[in-house]
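Whatever order the structure lists ligands and atoms in, that order sets their numbers, starting from 1.
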Amino acid sequence: MVVRKIELTKRQETIIQIVKDNGPITGENIAEQLNLTRATLRPDLSILTMAGYLDARPRVGYFYTGKSGTQLLTENLQKIRVRDYNSIPVLVKENVSVYDAICTMFLEDVGTLFVVDQNSLLVGVLSRKDLLRASIGKQELTALPINIIMTRMPNITMCEMDDNLIDVAKLLIDKQIDALPIVRPSENGYEVIGRITKTNITKAFVALGNG
Ligand code: ADP
């Protein structure tokens, strides 16, 4: 498979140049300069407007926003919120065994489990390596409770639905972890309402690259 680079077409580049030199300019006039019909040009104009290269004002026409591709990318990146890319969290109760947690991790096909107490509030996090580490000892895994091996509160890195995805990505790197619970603060703690992983960040990255 080859990696495909998403670029503006030659015609779109030309349109930007025309608008840069002549803007504000109507769609009709741009079409005239290119010897095309207004209808043929419509998809290109809407792509360029949606991508932020051009702006359109009613009865005035198109004008160049003056923003570079990198500037637009940064602006779009900063608009992405956690809620746009969240996944369903997989929760386990704190009194279950390491054996059960391993089974849940396989059955639910996730790399991180969030541990909750009897009030469904977040108390811990379990990663693949936490479970592997517990498994190479001599302990009986069905008798070993997860709350002995989990990373516990208050050392859990969390986020909320309205946080910026880019800030979550930075946290994943800084803390060297794979996932963050998305929480909603409640009276006595935090309720887990979602999950953000490196996969979600990769999906956002791809969507951004595809415009
Ligand atoms: P793995 O241990 O499988 O490489 P991680 O890098 O996600 O997976 O986890 C590294 C350590 O950090 C583990 O001990 C795990 O319990 C802990 N951890 C994972 N996610 C979080 C989080 N959101 N907050 C605090 N600690 C976490």
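Shown in contact with Ile156 at under 4.0 Å from a heavy atom are these atoms of ligand 1, numbered in order with element: 24 (N), 25 (C). Of all atoms in ligand 1, listed by their number and element, those nearer than 4.0 Å to a heavy atom of Arg128 are 3 (O).
For Thr26 and Glu28, the side-chain atoms include no donor-acceptor pair closer than 3.5 Å.
Within the set Gly124, Gly111, Pro181, Ser127, the minimum heavy-atom distance to atom 8 (O) of ligand 1 is found for Ser127. The heavy atom nearest to atom 20 (N) of ligand 1, out of those in Asp130, Val125, Leu113, is found in Val125.
For the pair Thr112 and ligand 1, no heavy-atom separation below 4.0 Å is found.
Remark: side-chain polar atoms of Thr40 are not paired, donor with acceptor, to backbone N or O of Leu36 under 3.5 angstrom. A donor-acceptor pair is defined here as one N or O able to donate and one able to accept, closer than 3.5 Å; such a pair exists between the side chain of Gln12 and the backbone of Thr9. Side-chain atoms of Thr65 come within 3.5 Å of backbone N or O of Tyr53 as a donor-acceptor pair. Side-chain atoms of Asn22 do not come within 3.5 Å of backbone N or O of Ile25 as any donor-acceptor pair.
Within a 6.0 Å sphere centred on OH of Tyr85, other residues, nucleotides and ligands contribute more than 12 heavy atoms.
The nearest protein atom to atom 24 (N) of ligand 1, hydrogens excluded, is given as Thr157 N, 2.9 Å; this is a heavy-atom distance. Taking atom 27 (C) of ligand 1 as the reference point, the nearest protein heavy-atom neighbour is Ile177 CG2, 3.6 Å. Of the protein's heavy atoms, Gln176 O, 3.2 Å lies nearest to atom 6 (O) of ligand 1. Distance from atom 7 (O) of ligand 1 to its nearest protein heavy atom, with residue and atom name: Asp178 N, 2.9 Å. The nearest protein atom to atom 3 (O) of ligand 1, hydrogens excluded, is given as Lys129 N, 3.0 Å; this is a heavy-atom distance. Closest protein heavy atom to atom 26 (N) of ligand 1: Thr151 CG2, 3.5 Å. Protein heavy atom closest to atom 25 (C) of ligand 1, with residue, atom name and distance, is Asn155 O, 3.2 Å.
Annotation: side chain of Lys93 is not in contact with side chain of Asp117 (no heavy-atom distance under 4.5 Å).
Every N/O-N/O distance between Leu180 and ligand 1 stays at or above 3.5 Å.
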| Derivation of the side-chain hydrogen bond (donor to acceptor under 3.5 Å, both in side chains) call for Gln17 and Asp21 | CA-CA 6 Å; Gln17 196 55 49; Asp21 297 341; 3.3 Å; yes
| field | Ser87 and Asn200: CA distance, side-chain angles, deciding distance, side-chain hydrogen bond (donor to acceptor under 3.5 Å, both in side chains) verdict | value | CA-CA 8 Å; Ser87 295; Asn200 300 111; 2.9 Å; yes
